[in-house]
Amino acid sequence: MAPPKVLMVAEKPSIALSIASTISGGQMHSRKGSTDVHEFEGMFIGLPAYFKVTSVTGHVFSVDFPAKYQDWSATDPIDLFQAPIQKTEANPKAHICRHLSQEAHGCSHLVLWLDCDREGENICFEVIQCTGFQVNDAKRKVHRARFSSVTGKDILKAMNCLVEPNKYEALAVDARQEIDLKVGVAFTRFQTGYFQGKYGDLDSRVISYGPCQTPTLGFCVQRYLQITTFKPEKFWALRPHIMIDGYELQLEWERHRLFDLDVALMFQKLVLQDRILEVTDMSEKQESKGRPPGLNTVNLLKIASSALGFGPQVAMQLAERLYIQGFISLNGNLGGYGHFHVFTFEPKLTNDSPRLYCESTAYPSSFDFKGTLGALANNPMWGDYVQGLLSDGYHKPQSGTDAGDHPPITPMRSANEDMLGRDAWRLYQYVCQHFLGTVSPDCKYIRTKVEFSIGGEFFHCIGLHVTVKGFTSIMPWLAVSEKNLPQFAKGDKIEVSKVELFEGQTAPPDYLSESELISLMEKNGIGTDASISAHINNICERNYVQVQAGRKLVPTALGITLIRGYQCIDPDLCLPDIRGFIEQQINLVAKGEADHSCVVQHVLEQFKQKYSYFVKQIDNMDALFEAQFSPLADSGRALSKCGKCLRYMKYISSQPSRLYCGTCEEVYYLPQKGTIKLYKELTCPLDNFELLIFAMAGPEGKSFPLCPFCYNSPPFEGIDTLFGVSKTSSSGKLGKGTGMPCFLCPHPTCRHSLIAQGVCACPECNGTLVLDPISAPKWRLYCNMCNCLVLLPQGAHRIATTRERCPECDSTIIEVDFNKNTTPLEDGATLHSGCILCDDLLHSLVEVKHGKSFFKRAGKWARARGRGGHRGRGRGLGKMDPKMSFRDF
DNA sequence: GCAAGGTC
């Protein structure tokens, strides 16, 4: 009998590789798939077995509303609270579900190696669903491996005590997903619709709300408000100076500072009257500054922002690259674990008692410090320092304090600036310095305090003398600065040289730094180490805050107005506790103390009430918007004439760009990310609106006419392809700015429709090549569906479509008026019409240019393709297969 | 066009 097959699934490919390497001892066969699969023979529960180890890439599924709730105008957001939700594949193109189902075929055991956190537990059940295993099936068993790090020791330990996946924890994640989706989307749709329908200069595509992003913004605005409401106060401080051996020394006042000038003056007078300082006490204390604990993701992001000037998103990208290239290990959810730990697993380092590491700043007991140090020993930058550590003995790092079950970020390989590039090098350098810091001695110094009295007042000065630099020699920015004091003796009497009355003023705090924000988010449980950067990025992209010099976060008028609005309607909405509340509720589910659907119902009911109240009170928030923003009617410049009232509409250029008819109070969205202008005062034959020309950005961006009304409300049935549909969205959702330009319009007689401007079938897809009407003198056709471009005879005076069709291939006959200096026609004739496929002259003058790649099939490309019976994607642009996309007419 | 969470 063949040995049983065991399928093991990890959360990401790198962990699958580590697990397979460990269990197989490196003796495995790997093959490609949606994700790699590693196969080998071994023992499972005491019997021979055939193993297959593969992975997912994070969540397999994500939640969303069904299609009927996707139309913003047709759905009242309050209905979303009770709406059904559905799970769809998070990345349909990756076919992870199919992959798992195929790999599971014929397997009698499933071992779940997903990360040991709540999200991982949830992914376990996603995997179970894809594989077709059942949790309580005695014949095909499901096992959960619980590992605290991806080290050889922990992997083998987990293999030997497999448990069951925890349904409660998975359900808690389901609950969070549903709550976040419903609350976020309901508030976002409502406030977007409300405020964008009234104001023209909000400059944000969407006025989003979310239980993470909004409190994040709240922190920034809170600081802003502290600054603007700050009242400076004057204060005074007495500063006596003494001269010793020609050096002047300034003493600090025990009272620090006073806010009353008269009182300060009185003390100054007392001191001046006495004139003699007496040394009343001297103390020396041995103090130390501890070496840092291991580096975790959040701290790396903070340092990257505050010391290196990299935003969290950039820092994550740099770190990921360094990880992939094997220069550093990563912890948290960033990139997983280095294989380093697996392959250099040394039993002799593990004589510590076995222990679970729950802190992401703590190193696993099996961490190979010697190996890691050895890897850095030849580096010219800090090689000497490393040699010193290796010969004098490195120190055991501090145990960390942060939660999470991942080992710290450490260097893996030596590198120099040339290998990494400037930015990555700076980050890598920090990782190395930090790692070396964690295994260096603490910094030790002696702190001397000398106390004085004069005129009944007390003063002091402090001296610092470093005895052991320790880790500060590799992290010099943390060094304790030496401060020498002259020799004093108790009872010494010294004459003051002057008694300054320093006048100062209290100052407001600075804007919140990104690094402070990250700390606040971490402290309040807003986001995770992997998502913190996304939330910060979010509030920047939505134009709520701007990152200014020194990575300070300055809220915009929009950000401030939103938060002030929540504060006056329902402050809970922007407080960090809102996340805490959700978290605490789903914790009950995770612990099995409350039923999943009861909790979801309960939490949603509360948010629904908050939502209703918010909608009811929106006037209060609107009063703040009114004071800050301009009504649509006052915004923008007059552009196209409305076909209903025949008055000019206003073009609102701030995103989302749109037209607003003040008389009809209607908004017409436009295609986004391009320029728009009037199209010669031409009008749409259907509704009389003035046509516009939209030009997409870039030299190859197509330009096309559109009718503002038709674009938003396609006039014919069966227009299932629209312009501007998000390509990344699986459900083909419609959004602002999607619509029907003239090149998709099937109007039979309009000069600008697909019928009039279409020339022939696109060689790349099912679309139609249409004439770009304003492309002169670089005349071209573009596909109305994909990005295929065809260059027409260059420099022609005019190129236009005619109403005639080619008798051979049914393409539209085009008419070309060549420039008389460059005309290819005999006798200087300039006018020529024909089919671009069948007319030899025209055909020789066209080139296909598709995206960045440029190709031309030796002048006969179209025919060759047709005649050869080539069955590629779509139909060829050939005379044997010439059907146009308007064949339906 | 919308949330937050994985990871690529």
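Each chain gets a letter, A, B and so on, in the order its sequence line appears, and its residues count up from 1.
Judged by closest nucleotide on DNA chain B, Gln196(A) is the one of Thr214(A) and Gln196(A) placed further toward the 5' end. Along DNA chain B, the nucleotide nearest to Val206(A) and the one nearest to Val56(A) differ in position, and the one closer to the 5' end is contacted by Val206(A).
The residue Pro211(A) sits close only to the backbone: its heavy atoms come under 4.0 Å of sugar-phosphate atoms, none of a base. Using a 4.0 Å heavy-atom cutoff across all strands shown, Gly527(A) reaches sugar-phosphate atoms only and no base atom. Residue contacts shown for Val63(A) include a base, since a base heavy atom lies under 4.0 Å away. Backbone-only engagement by Gln213(A) is indicated by non-hydrogen atom pairs under 4.0 Å involving sugar-phosphate atoms exclusively. Among the protein residues, Pro13(A) comes within range of the sugar-phosphate backbone only, with heavy atoms under 4.0 Å from sugar or phosphate atoms but none that close to a base. The residue Arg542(A) sits close only to the backbone: its heavy atoms come under 4.0 Å of sugar-phosphate atoms, none of a base.
Residues passing the salt bridge (Lys or Arg N to Asp or Glu O under 4.0 Å) test with Asp570(A) are Lys610(A), sequence neighbours excluded. With sequence neighbours excluded, the residues forming a salt bridge (Lys or Arg N to Asp or Glu O under 4.0 Å) with Asp36(A) are Lys32(A), listed by chain and number.
The distance from atom NZ of Lys182(A) to atom C1' of dG5(B) is 18 Å, rounded to the nearest whole Å. The CD-P distance, from Glu126(A) to dT7(B), rounds to 12 Å in whole Å. The distance between atom CG of Asn538(A) and atom C1' of dA4(B), rounded to the nearest whole Å, is 10 Å. For Asp174(A) and dG5(B), the CG to C1' distance is 12 Å, given to the nearest whole Å. Spacing between atom CG of Asn122(A) and atom P of dT7(B) amounts to 13 Å, rounded to whole angstrom units. At whole-Å resolution of the value, CD1 in Ile123(A) and C1' in dC8(B) are 14 Å apart. dG5(B) atom C1' lies 12 Å from atom CE of Met316(A), rounded to whole Å. Rounded to whole Å, atom P of dC2(B) lies 11 Å from atom CG of Asp64(A).
Out of dC2(B), dG5(B), dT7(B), the shortest distance to the side chain of Ser531(A) is found at dG5(B). Nearest nucleotide to the Arg205(A) side chain, out of dG5(B), dG1(B), dA4(B): dG1(B). Distance from the side chain of Gln70(A) is smallest to dC2(B) among dC8(B), dG5(B), dC2(B). Here the nucleotide nearest the side chain of Ala90(A), chosen from dA4(B), dC2(B), dG6(B), is dG6(B). Candidate nucleotides dG5(B), dC2(B), dT7(B) were compared by shortest atom distance to the side chain of His59(A), and dG5(B) ranks first. Taking only side-chain atoms of Leu181(A), from C-beta outward, the nucleotide of dT7(B), dA3(B), dC2(B) with the closest atom is dA3(B).
Between the side chain of Asn166(A) and the backbone N or O of Glu169(A), at least one donor-acceptor pair lies under 3.5 Å. Distance alone, capped at 3.5 Å, places no donor-acceptor pair between the Asp115(A) side chain and the Asp117(A) backbone.
An OP1 or OP2 oxygen of dG1(B) is reached within less than 4.0 angstrom by no side-chain nitrogen or oxygen of Thr188(A).
Taking the six-membered ring for Trp and the full ring otherwise, the centers of Tyr611(A) and Phe187(A) sit less than 6.0 Å from each other. Tyr669(A) and Tyr711(A) have their aromatic ring centers separated by at least 6.0 angstrom.
Remark: ring of Tyr209(A) not stacked against base of dA3(B); the cut-offs of centroid gap under 5.5 Å and plane tilt under 30° are not jointly satisfied.
Contact annotation: side chain of Glu320(A) to base of dC8(B), donor-acceptor pair absent below 3.5 Å.
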